[in-house]
Amino acid sequence: MPRAGPMHRVVWDSEKDCTYLYDSGRSVKTLSGALGRALNGTGGPRTDIWRDMPRSHERLTRFGLLDESKTNIRVVPGSPHLKRLQIEVSLRCNLRCSYCYSASGPWRTDRLQSQQVRKLITEADLLGVLSLDFTGGEFLLDPDWRCYVELARAAGMLVTVHSNGTLIKDETARALAELRVASVQVSLDSHIAEVHDRSRGHRGALARTLKGIEHLQRHGGGGELDVPPRDSCG
């Protein structure tokens, strides 16, 4: 079950001696390895380290990064550091794109089980992954899509959702904003309806996709919202 909202995420790569910080914004910052060493209490007593880094201590305290209830600290277990992971949750899609590399479509029932996806998210967290991409098929067709995003965001990982946009209603866009999803990548083949719809195998696909983009733009400030996600994971 996810924690009560998105976390700050600090990942320390001891081999490269650098620290990655994701502070519930929409990008990952690369900082000095001294921050990771300090937060992990290595290289000497933590009090001694902070005495040598008073300005850092003040800033980290101000942003809540020293509060263990708000910050998820991970150490990269070994080299190479896996920074980004994409999870293809299923091959089911509501469109029939003629060029689909995975041959996804409405007839496909292939999908990862919910427990498998949750395990992948947990393992990604422990490996120090910085960003997680969710894709399909059409990711938003998965009944547990919100749960997966919640789990990744509760660990502080930057999340990107890949979608054809046709299923994005106003409430969907708002939910993605509330969860502070970093970006939603919507695919378009053409601004001409005849061309786009033909390649997608669905009449009216372009109109629905553009409407979905409008909903996303309306809630585009989701990174600033402070609305705890509902617990949809059971």
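Computed over heavy atoms, backbone and side chain alike; hydrogens, waters and symmetry mates excluded.
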>> To the closest 0.5 Å, what do you measure between CG (Asn94) and OG1 (Thr166)?
In response: 3.5 Å
>> I'd like to know if Asp142 and Arg111 make a salt bridge, using a cut-off of under 4.0 Å between side-chain N and carboxylate O.
In response: yes
> Side chain of Arg9, backbone of Ala155: donor and acceptor closer than 3.5 Å?
Replying inline: yes
> Quick one: CG on Leu176 to NE2 on His215, what's the gap to the nearest 0.5 Å?
Replying inline: 12.0 Å
>> When you compare the side chain of Arg208 with that of Leu167, does any pair of heavy atoms fall below 4.5 Å?
In response: yes
> Once you round to the nearest 0.5 Å, how far does OG of Ser102 lie from CG of Leu91?
Replying inline: 5.0 Å
>> Show the nearest heavy-atom pair for residues Ser187 and Arg200, with the distance to one decimal.
In response: OG-NH2, 3.1 Å
>> Could you tell me if the side chain of Pro77 sits less than 4.5 Å from the side chain of Leu127, heavy atoms only?
In response: yes
> Given the rule that I, L, V, M, F, W and Y join up when any side-chain heavy atoms are under 4.5 Å apart, are Leu95 and Val186 in one cluster?
Replying inline: no
> Is there a donor-acceptor contact under 3.5 Å linking the side chains of Ser199 and Asp189?
Replying inline: yes
>> Hydrophobic cluster membership, with links at side-chain heavy-atom distances under 4.5 Å among I/L/V/M/F/W/Y: are Leu188 and Val184 in one?
In response: yes
> Do you know which two heavy atoms are closest between Asn164 and Cys93, and how far apart they sit?
Replying inline: ND2-SG, 3.7 Å
>> Please give me the minimum heavy-atom distance between Met157 and Ile121, naming the atom from each residue.
In response: CE-O, 3.7 Å
> Strictly by modelled atom types, are Glu138 and Ser163 linked by a side-chain donor-acceptor pair under 3.5 Å?
Replying inline: yes
> Judged by atom type as modelled, is there a donor-acceptor pair below 3.5 Å linking the side chain of Arg153 to the main-chain atoms of Leu179?
Replying inline: yes
> Under 30°, 30 to 60°, or over 60°: which ring-plane class applies to Tyr148 and Phe134, parallel, tilted or perpendicular?
Replying inline: parallel
> Considering the options Thr209, Leu216, Val161, which one meets the side-chain contact (heavy atoms from CB on, under 4.5 Å) requirement together with Ile168?
Replying inline: Leu216
>> With side-chain hydrogen bond (donor to acceptor under 3.5 Å, both in side chains) as the criterion, how do Arg198 and Ser190 come out once you've worked through the C-alpha distance, each side chain's angles and the decisive distance to 0.1 Å?
In response: CA-CA 10 Å; Arg198 182 170 61 247; Ser190 173; over 6 Å; no
> After noting the C-alpha distance and the side-chain angles of Val149 and Val181, does the key distance pass the side chain to side chain contact (heavy atoms under 4.5 Å, CB included) rule?
Replying inline: CA-CA 8 Å; Val149 175; Val181 168; 3.8 Å; yes
>> So, taking the atom named NE2 in His202 and the one named CZ in Arg96, what distance separates them when rounded to the nearest 0.5 Å?
In response: 7.0 Å
>> If we ignore hydrogens and angles and just use 3.5 Å, is the side chain of His81 paired with the main-chain N or O of Gly128 as donor and acceptor?
In response: yes
> Cut-off 3.5 Å, side chains only: do Arg118 and Thr122 have a donor facing an acceptor?
Replying inline: no
> What about Val76 and Tyr20, same hydrophobic cluster or not, with Ile/Leu/Val/Met/Phe/Trp/Tyr joined at side-chain heavy-atom distances under 4.5 Å?
Replying inline: yes
>> What verdict does the side chain to side chain contact (heavy atoms under 4.5 Å, CB included) test give for Val10 and Thr71, after you've listed the backbone C-alpha separation in whole Å, the side-chain angles of each residue and the deciding distance to 0.1 Å?
In response: CA-CA 7 Å; Val10 177; Thr71 305; 3.9 Å; yes
>> For Arg218 versus Asp170, what's the shortest heavy-atom pair and its separation?
In response: NH1-OD1, 3.1 Å
>> If you apply the rule side chain to side chain contact (heavy atoms under 4.5 Å, CB included), what do you find for Arg92 with Thr109, and how did you get there?
In response: CA-CA 6 Å; Arg92 186 183 172 213; Thr109 58; over 6 Å; no
> Atom CG in Asp13, atom OG in Ser79: separation rounded to 0.5 Å?
Replying inline: 7.0 Å
> Is Leu126 reachable from Leu132 through a run of I, L, V, M, F, W or Y residues, each pair having side-chain heavy atoms under 4.5 Å apart?
Replying inline: no
> Donor-acceptor pair, Glu123 side chain versus Leu120 backbone, under 3.5 Å?
Replying inline: no
>> In the structure I gave you, are the side-chain heavy atoms of Leu130 and Leu158 within less than 4.5 Å of one another anywhere?
In response: no
> Do you know the tightest heavy-atom contact between Trp145 and Ala175?
Replying inline: CH2-CB, 4.3 Å
> Can you name the nearest heavy-atom pair linking Lys83 to Val129, along with the distance?
Replying inline: O-CG1, 3.5 Å
>> For Gly204, is there any backbone N or O sitting under 3.5 Å from a side-chain donor or acceptor partner on Asp197?
In response: yes
>> Is the shortest side-chain heavy-atom distance between Leu112 and Ile87 below 4.5 Å?
In response: yes
> Is any side-chain heavy atom of Arg146 closer than 4.5 Å to a side-chain heavy atom of Glu178?
Replying inline: yes
> Does the pair Glu214/Lys211 count as a salt bridge with the N-to-O cut at 4.0 Å?
Replying inline: yes
> Would you say Asp17 and Trp12 make side-chain contact, with heavy atoms under 4.5 Å?
Replying inline: yes
> Checking side chain to side chain contact (heavy atoms under 4.5 Å, CB included) for the pair Asn72/Asp125: CA distance, chi angles, key distance, verdict?
Replying inline: CA-CA 9 Å; Asn72 186 18; Asp125 174 28; 3.1 Å; yes
>> Using a 6.0 Å cut-off, check whether atom CD of Glu171 has over 12 heavy atoms from anything other than its own residue.
In response: yes
> How many angstroms lie between atom CG of Asp110 and atom CD of Glu88, to the nearest 0.5 angstrom?
Replying inline: 9.5 Å
